[in-house]
Amino acid sequence: MSKNKVNSIDHLIEKLTIEFAKIPNFQLTQSDPDANRLFNFVLNKFSEIQDFKTLYKRYFIPSINKSIVDTKNEIKHSAFRSLINFPENQLKGNYYDTIRLGYVGLFHKIENFVKDLISETNLLFNNNLQGEDSISQFYLVKYNFKFDNWYSDTCITKINWISNCTKHYDGYPKKLPKYKYLSYIPENVRININHDEFIGDIEYVANTFYYYKLSQILTLGIFKMASDELNNDDCSDEVKEKLSVISEEEKEILQNLFILTQEIEI
């Protein structure tokens, strides 16, 4: 008798619940009617990235590999095979094109996730304040901290760089500054990444980066809310005393974030 298959949605919700519970003062969100909308927004984004991985792992890559095998068989049995001279790398051109375009799609998902998560966090913790009062602008002005500093993460830097090379240089590694881990590729040779490495990068985004950004942005959203309350004349001394604890914790977290967000050599 086979074991019951784990429901992937249930597994994802359990993981997200654990991550939400790590956020300081998470109880502040539990009675808010917008919290459910935020949770479902995050659930949808996490489901999207998992579906993206499934599309490439189970459908796109196997289909491309089958196409290459079919082409080889056509050449092998062609009446004109003695005239045909296709190098192996040319036959795999569509394979590598598919993966490079996958990096473009993957980085767009990263960009949209961060941008939309900031918007949702503004709605929940910041009364949808925009412009100079938005959460992202608050941390940029007060701490010179940017949520979309892709150079703070080596893997995201790589994904961004490959995406830009694909979009602007037809896959050739000409984007400056050069990404150091692929600097060995000559500029006249396209970037060729195998599917295992690409799937590994998707898994990093889904299983590490998304969770990190979720925790980071929601936590700093709470800190922004606490900062606003501390500056509110109507805020009682008792509430200010409680919120000052968050303010002190904020300083420690921001100090750690600054270490992570220094631009690294790519």
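Please read all numbers here as calculations on a predicted model, not as lab measurements.
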* Could you name each residue pair satisfying salt bridge (Lys or Arg N to Asp or Glu O under 4.0 Å) that touches residues 206-222, not counting sequence neighbours? => none
* To do: Not counting sequence neighbours, list each pair that qualifies as a salt bridge (Lys or Arg N to Asp or Glu O under 4.0 Å) and has a residue in residues 163-175.
  => Asp170-Arg190
Going by the rule side chain to side chain donor-acceptor pair (under 3.5 Å), which residues pair with [X] if we only count those two or more places apart in sequence or in a different chain?
X      : answer
Asp116 : Lys45
Asn188 : none
Tyr204 : Asp153

Apply ring pair (Phe, Tyr, Trp, His ring centres under 6.0 Å) to [X] and list each qualifying residue two or more places apart in sequence or on a separate chain.
X      : result
Phe60  : Tyr56
Phe147 : Phe145
Phe209 : none

* **Residues in side chain to side chain contact (heavy atoms under 4.5 Å, CB included) contact with Ser63, at least two apart in sequence or another chain** => none
* Check side chain to side chain contact (heavy atoms under 4.5 Å, CB included) between Asn44 and all other residues, then give those that pass, not counting sequence neighbours. => Glu48
Sequence neighbours left out, cut at 3.5 Å: what donor-acceptor pairs do the side chains of residues 97-104 make with other protein atoms?
residue, atom, partner, partner atom, Å
Asp97, OD1, Arg100, NH2, 2.3
Thr98, OG1, Asn94, O, 2.7
Arg100, NH1, Ile191, O, 2.7
Arg100, NH1, Asn192, OD1, 3.1
Tyr103, OH, Asp201, OD2, 2.6

* Asked: How would you list, by chain and number, every residue that makes a salt bridge (charged side-chain N to carboxylate O under 4.0 Å, His left out) with Glu111, sequence neighbours excluded?
  -> none
